[in-house]
Structures are given as structure tokens and as C-alpha cells.
Amino acid sequence: MSGITIALSKGRIFEETTPLLAAAGIQCQEDPEVSRKLILGTNRPDVRLIIVRAADVPTYVQYGAADLGITGKDVLHEHGGGGLYQPLDLRIARCRMMVAAPEGFDYAASVRQGARLRVATKYLRTAREHFARKGVHVDLIKLYGSMELAPLVGLADAIVDLVSSGNTLRANRLTAVEEIMSVSSRLVVNPAALKLKREQIRPMIDTFGRAVAAREMALAS
Ligand code: ADP
Ligand code: MG
């Protein structure tokens, strides 16, 4: 039996993927928030899930350690997307990649004056490309999380991070000053796996596609 392995991250993406998996007749047998197992069985003997760090999903799929994966456009953009087939925007885990700065900082004026900005982010590639496109000189400082703290303690003038409600920004007296891109999660597929396991993978992609469309219809009405 040639089984299918799907790479997912815990938290938001797992939660929002669960209904899509259910639509494809896949139910996880354990809750990854509770279980410490990294390989989770499903009700389908031919399908298993692996739980990896969000930023690692493209890597597992690219090397074929997982056949399918679900990952944010933010992560894909940093990874580059090489060696991945991206058939479907799942329209889950939606948010925006933003530049944010302290409420008192006049970002637009600094940019106009050609100031050199210190920007903290875990999205180095996205940030580099964005500021290069705008012709803004930046020193990028790589962080792994809690970017909101950086401007508050003088590590950076601004940050590049994901924003959905804006609550974290507000709680730390930051404001979003520029949108870089809108973000949602995508289905990614290993191209060789798609060829070899086409009879299993193709119907899954189609089912996910129909579930996404049905969900959008329900939300719109
Ligand atoms: P990690 O802490 O490992 O970076 P997160 O759970 O914070 O993982 O984020 C995983 C993915 O969820 C991100 O790559 C992004 O696509 C999505 N995401 C992150 N923050 C938000 C948010 N505020 N709203 C919606 N989706 C988000
Ligand atoms: Mg996070």
C-alpha cells in the first residue's frame, strides 16, 4: 500500500484544516495539542498526518517526506516554493503581512526623508524584497518571534509581521503602517508524489477544492 502523508502545523492551521480534512473523509485519531506524537493516524488506513513546525512544512513536502502539506503564503514566500506544486488556496488562517511601527513614529516621513530604518522580523526575504521594491534602506534584524517587542525596547524602528485582528499591535502601542501582502494557507504537493500516487492525491485535491468553495459560499450568504 502506498499511503499518503500530510504535513501540518499545530494551532491555527490544524484547527482550520480539520473541517477540510473531514470533507475529504479524513479524521485525525488524536488531538495534536494533547498528544506528543508527531505521526498521527487517521480513520483512513492509507492517510497519516505529521505534525511539524509551520516553517518546516514546505521542506518536508519538497523532499517527499510528506506528499501533501498545508502552509501559509508567508512561509511559502520565505521558502521560495521551489519543488512544490501549489494547486489550491485553502483560504484559511487568513491575515496580512504588515509593516508596523510605534504609534509615535512617523514612518511615512522617515521613508520620504530617505532615513535608514532598522526593521525586526522573522520574514527576512519578504521584508528585503518589500523594502527594495520601495527603495527604502533597511537594516534587517532576524528574530524568531514576539517581533512586537523589538521597537518597544529600542531594538528596531519597525517590524514586519502578520496581523489579523490587530490586538497584539494595539496592546503594545504599535500601528500597522503598510500592507505587504495578504496571507492565507495553501495546499502544497510534492510533484513526484502526485505522479506516482495520482489516483489517491488527485481526488483529495478536488475534494479540498469543493470544500473550500462550499465554505466560501456559506460565509458569503
Ligand atoms: P509559528 O509560531 O511556528 O510561526 P504560528 O502558529 O504563529 O506558527 O503561525 C503558523 C501560520 O499560521 C503562519 O505561517 C501563518 O500562515 C498563520 N498565521 C499566523 N498568525 C496568524 C494570524 N494572526 N491570523 C491568521 N493566520 C495566522
Ligand atoms: Mg506565532
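FYI, side chains are in, hydrogens and waters are out, and symmetry mates aren't considered; it's all heavy atoms of this structure. Counting starts at 1 for both ligands and their atoms, following the listed order.
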Output yes when Glu78 and Arg125 qualify as a salt bridge under the 4.0 Å nitrogen-oxygen rule, no when they do not. no
SB check Asp206 Arg210 (cutoff 4.0 Å): no
For Arg53, is at least one N or O under 3.5 Å away from an N or O on ligand 1? yes
Counting heavy atoms only, name the option from Lys73, His77, Arg12, Arg94 that's nearest to atom 20 (N) of ligand 1. Arg12
Can you check whether Ala93 has an N/O within less than 3.5 Å of an N/O in ligand 1? yes
Between Gly72, Ser164, Gly145, flag the one that comes closest to atom 24 (N) of ligand 1 by a heavy atom. Ser164
Charged N-O contact under 4.0 Å between Arg186 and Asp89: yes
Using heavy-atom distances, let me know which of Ala54, Ala55, Gly166 sits nearest atom 10 (C) of ligand 1. Ala54
Checking contacts here: is it the side chain or the backbone of Ile13 that comes within 4.0 Å of ligand 1, counting heavy atoms only? Could be both or neither. side chain
So, is Asp74 polar-close to ligand 1, with some N/O to N/O distance under 3.5 Å? yes
Val75 neighbourhood, listing ligand 1 atoms whose heavy-atom distance to it stays under 4.0 Å: 14 (O)
Does the side chain of Ser185 reach to within under 4.5 Å of the side chain of Thr71, using non-hydrogen atoms? no
For Gln29 and Thr42, which I'm curious about, is there any donor-acceptor pair between the side chains at under 3.5 Å? no
Under 3.5 Å between some N or O of ligand 1 and some N or O of Lys122? yes
Could you tell me if Asp74 and Tyr123 have a donor-acceptor pair between their side chains, going purely by distance under 3.5 Å? yes
Taking side chain as C-beta onward, heavy atoms only, is Glu15 less than 4.5 Å from Lys10? no
